[in-house]
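In what follows, a structure is listed as structure tokens, so that the remarks can point back to it.
The sequence lines fix the lettering, A, B, ..., with proteins before strands; numbering per chain opens at 1.
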Protein chains: 2
Amino acid sequence: MATIRDVAKEAGVSVATVSRVLNDNGYVGVETRKRVLETIERLNYSPNEVARSLYKRKSRLIGLLLPDITNPFFPQLARGVEDEVNQAGFRLLLGNSDEEATKELDYIQTFEQNHVVGIISATNNTDRENYENIDLPVVFLDRTSKHHPSVFADGREGGRLAARALIDRGSTKITLIKGPAHVQPAQDRFQGALAELSKAAVDFSVLGTTSYAFEEAKTWAEELFTKHPETDGVIASNDIVGIAILHEALRLGKSIPDELQIIGFDDIPLSSLSYPSLSTIRQPAYEMGKEAAKLLIRMIKKEQEIDQMIQLPVSLIERNTTRKVDKDE
Amino acid sequence: MATIRDVAKEAGVSVATVSRVLNDNGYVGVETRKRVLETIERLNYSPNEVARSLYKRKSRLIGLLLPDITNPFFPQLARGVEDEVNQAGFRLLLGNSDEEATKELDYIQTFEQNHVVGIISATNNTDRENYENIDLPVVFLDRTSKHHPSVFADGREGGRLAARALIDRGSTKITLIKGPAHVQPAQDRFQGALAELSKAAVDFSVLGTTSYAFEEAKTWAEELFTKHPETDGVIASNDIVGIAILHEALRLGKSIPDELQIIGFDDIPLSSLSYPSLSTIRQPAYEMGKEAAKLLIRMIKKEQEIDQMIQLPVSLIERNTTRKVDKDE
DNA sequence: CCTACTTATGTAACCGGTTACACATAAAAT
DNA sequence: ATTTTATGTGTAACCGGTTACATAAGTAGG
């Protein structure tokens, strides 16, 4: 692998000149520049980022910390982040925390050791000491923090929308699935839905769950119909749980949406492919990722004041697990 | 951020000694070691990976190149890779290529510039010049290459299994969906299924597709039933397409699996949550990721000769889009 | 004609680790 | 008692970029 010194020698100039050509700063004569560029080409030279990072004390890497890329919601976030940071010349160091504090800490350390210029984290416990003595730009994604800028969807409003949707469409015995207690956005949705249900003239019950994993979603679906067989409307904590419930309901021979309405949360790509297709509250995951990345990049470039909180709107995606409602009611 | 020199000064030793303590090599007195460790603790020192990488000419990073993390098959691969490399102390630099040669090349360059110690790529065009002048260990995942070790599932056998399954369960007018021509494993499956169908006493037709994206899957599902309304068995190119077809079939009022059997490929997590749940050919994605990582790590450590090709078995996952068959036929 | 500024280029220090080599002492071998 | 060998520690070069500073020539202004 050729170094800048090789190029310098070959082109008959000093390393400083090569560096100037490379970074397009300082004065370089037209002829010299041409010669250097030609030599770079010829030697197939590409600068060593590591050496550069060492001197500059910063790399062109950004750390992205997710709970679990295997959960279909996160790849979309990740893709949004990636597309945006790439455009600005950055690359991603990726980590899955599995919501474990140790793994999280390990990754944060890796990020620092590798001189990342910023971190985007979609992790719980946002205010844990983990993030307190970091002097890097940090943006929380799909989470909120008092101490760091955050990008998230309006979960409360989402919960309200979901509840309103079922109520408006005639469900009267609603079951509200409460997602894991430690997952912030799950609780926001829950609170929003709870508030709306409380205001309305419907019966409802709450079913607590502890994770989002596929396997367990099936268990909860079964539990739901054992505990609340008479329910005629379910607000799921996310689309995976929603689809699991749909599956179980069909297995039990329930007619959807006539006997039972179901509404999910997230709008993961596969939701539109369930049958009946799942009505859901959409979070603009890809856009959220992009916004977080944009925000982080602004922080990295120290552009003016940055918005501390970016809340993106959620929307009701009406598909076929909820009944149609007359527009003019 | 404290440096090794700060630690050395504080502990009253030389940087060499601190380095020896850090890396646990060379001779260090018991007392000295204790003092150094205590100082490291007190200063909250953690070594700068970038400086280390520069001297060693290798980092602790591994490059992972995927077509698109948004496709539900790949997060599983990625997770397998991550879990395995983490255990060996490596971290991941992630890139999505979107199957575009330019992006791919850009990422490979990033990987090299950042001194990654190895690359795992799940990219087509494995034998493109891209990978020819790399003097790093490269493992192809879910793809094969003549020049580099590869980890992949037995796609041909998968195709045969899928075809056999439908034939054995009584489909006689089968439609075989041919995945994108440039995606190697899709073609393997296709060839396998084709071979099996050709041998059997069934009618069949082939429908070509050009991508795996969600949106387009719906289009092909519609196209399928327009062109071949009488089909009673579909071999989908992957689970997403399979689920899209299932969705469309149900929308058209077809009874599954009585009127129409469907078999997918991959066994993505959501396949078991479709209704009826999707029968499919399972690829052990997580394990494939792990195997690829293990292989790469062995190459990095230059342990003995390495297996050039690791083929993992596929298996038929019989769920409810195929009919039950008597065991003793 | 002299000063001041612009343009062009080179030298060497620096970033923060790692390690070859030198040196010193103590213990073991001859 | 002398030579080896094992143990413990320090000095400085090195990895490959970037950049502060020095030097020099050309040219614009007074």
Side-chain angles (χ1 to χ4, degrees), chain A residues 1-37 39-40 43-61 89 109-117 135-136, chain B residues 1-37 39-40 43-61 89 109-117 135-136:
Chain A
M1 193 98 277
T3 73
I4 198 171
R5 278 164 239 269
D6 298 332
V7 176
K9 187 178 291 180
E10 274 286 307
V13 298
S14 75
V15 292
T17 301
V18 179
S19 180
R20 289 187 193 108
V21 171
L22 243 35
N23 298 292
D24 216 13
N25 59 19
Y27 294 109
V28 180
V30 221
E31 260 313 310
T32 315
R33 153 167 281 116
K34 223 176 73 186
R35 194 146 32 87
V36 169
L37 286 174
T39 311
I40 287 176
L43 298 190
N44 191 24
Y45 165 77
S46 106
N48 182 330
E49 265 296 306
V50 178
R52 194 181 160 282
S53 300
L54 179 58
Y55 184 86
K56 291 265 201 171
R57 280 136 143 184
K58 48 176 154 173
S59 68
R60 283 166 166 148
L61 300 175
Q109 196 180 28
T110 301
F111 292 163
E112 290 186 314
Q113 289 179 325
N114 285 91
H115 278 320
V116 303
V117 281
D135 64 344
L136 285 169
Chain B
M1 195 96 275
T3 74
I4 199 172
R5 278 164 238 268
D6 298 331
V7 175
K9 188 177 289 180
E10 275 284 308
V13 298
S14 75
V15 293
T17 301
V18 179
S19 180
R20 288 187 194 108
V21 172
L22 243 36
N23 297 294
D24 216 14
N25 60 19
Y27 295 112
V28 180
V30 221
E31 262 312 310
T32 316
R33 156 168 277 116
K34 225 177 71 184
R35 194 145 34 86
V36 169
L37 285 174
T39 312
I40 287 175
L43 298 190
N44 191 25
Y45 166 77
S46 109
N48 183 328
E49 266 296 306
V50 177
R52 193 180 161 282
S53 301
L54 178 57
Y55 184 86
K56 291 263 200 168
R57 278 135 142 185
K58 50 175 151 172
S59 69
R60 286 166 164 147
L61 300 176
Q109 195 179 28
T110 299
F111 293 162
E112 289 186 315
Q113 290 179 325
N114 285 91
H115 277 320
V116 303
V117 280
D135 64 346
L136 285 170

Please answer whether the main-chain N or O of Val50(B) pairs with a side-chain N or O of Asn48(B) as donor and acceptor at a distance below 3.5 Å. yes
Is the side chain of Ser59(A) donor-acceptor paired with the backbone N or O of His115(A) at a distance under 3.5 Å, no angle test? yes
Output the single nucleotide from [options] whose closest atom is nearest the side chain of [X].
X        : options                   : value
Ser19(A) : dG16(D), dG17(C), dT18(D) : dT18(D)
Ser14(A) : dT11(C), dG16(C), dT19(C) : dT11(C)
Tyr55(B) : dT19(D), dG10(D), dG17(C) : dG17(C)
Lys56(A) : dT18(C), dT19(D), dG17(D) : dT19(D)
Asn25(B) : dG16(D), dG17(C), dT19(C) : dT19(C)
Tyr45(A) : dG17(D), dG17(C), dA6(D)  : dG17(D)
Ala16(B) : dT19(D), dA20(C), dT18(C) : dA20(C)
Val15(B) : dG17(D), dT9(D), dA12(D)  : dA12(D)
Thr3(B)  : dG16(C), dG17(D), dT9(C)  : dG16(C)
Asn48(B) : dT9(C), dG17(C), dG8(D)   : dG17(C)

Write out all pairs satisfying salt bridge (charged side-chain N to carboxylate O under 4.0 Å, His left out) with one or both partners inside residues 6-21 of chain A, taking only residues at least two apart or from two chains. Glu10(A)-Arg42(A)
Inter- and intrachain pairs under salt bridge (charged side-chain N to carboxylate O under 4.0 Å, His left out), touching residues 48-58 of chain B, at least two apart: Glu49(B)-Arg52(B), Glu49(B)-Arg60(B)
4.5 Å side-chain heavy-atom contact, Leu22(A) and Ile4(A): yes
Under a 4.5 Å cut-off applied to non-hydrogen side-chain atoms, are Val21(B) and Thr32(B) in contact? no
Any idea which heavy atoms bring Thr3(A) and Tyr45(A) closest together, and the distance? C-CE1, 3.5 Å
Residue pair Ala8(B) / Val15(B): nearest heavy atoms and the distance that separates them: CB-N, 3.7 Å
Round to a whole Å and report the spacing from [atom1] of [X] to [atom2] of [N].
X        : N       : atom1 : atom2 : value
Leu43(B) : dG17(C) : CG    : P     : 12 Å
Glu31(A) : dT9(C)  : CD    : C1'   : 15 Å
Arg52(B) : dG16(D) : CZ    : P     : 16 Å
Lys9(B)  : dT9(D)  : NZ    : P     : 20 Å
Leu22(A) : dG17(D) : CG    : P     : 8 Å
Asp6(A)  : dC15(D) : CG    : C1'   : 13 Å
Ile4(A)  : dT11(C) : CD1   : C1'   : 14 Å
Arg20(B) : dT9(D)  : CZ    : P     : 9 Å

Would Ser19(A) and Asn23(A) count as having a side-chain donor-acceptor pair, cut-off 3.5 Å? yes
Just how large is the angle between the end axes of the helix from dC1(C)-dG30(D) to dT30(C)-dA1(D), five pairs per end, to 10 degrees? 40°
Has Tyr27(A) got a side-chain N or O lying under 4.0 Å from the OP1 or OP2 atom of dA8(C)? no
Would you say the side chain of Arg57(B) and the base of dG16(D) hold a donor-acceptor pair, judged only by whether the two atoms sit under 3.5 Å apart? no
Examine the base of dG8(D) for any acceptor or donor lying under 3.5 Å from a partner atom in the side chain of Arg33(B), and report the outcome as yes or no. no
Considering every strand and a 4.0 Å limit on heavy-atom distances, what is the contact class for Val13(B): base, sugar-phosphate, or nothing? sugar-phosphate
Within the 4.0 Å heavy-atom criterion, would you say Thr32(B) contacts the bases, only the backbone, or no part of the nucleic acid? sugar-phosphate
Result for 5'-nearest mapping on DNA chain C, choosing between Arg5(A) and Thr17(A), is Thr17(A)
Could you check Leu54(B) against Val30(B) and say which one's nearest nucleotide on DNA chain D is further toward the 5' end? Val30(B)
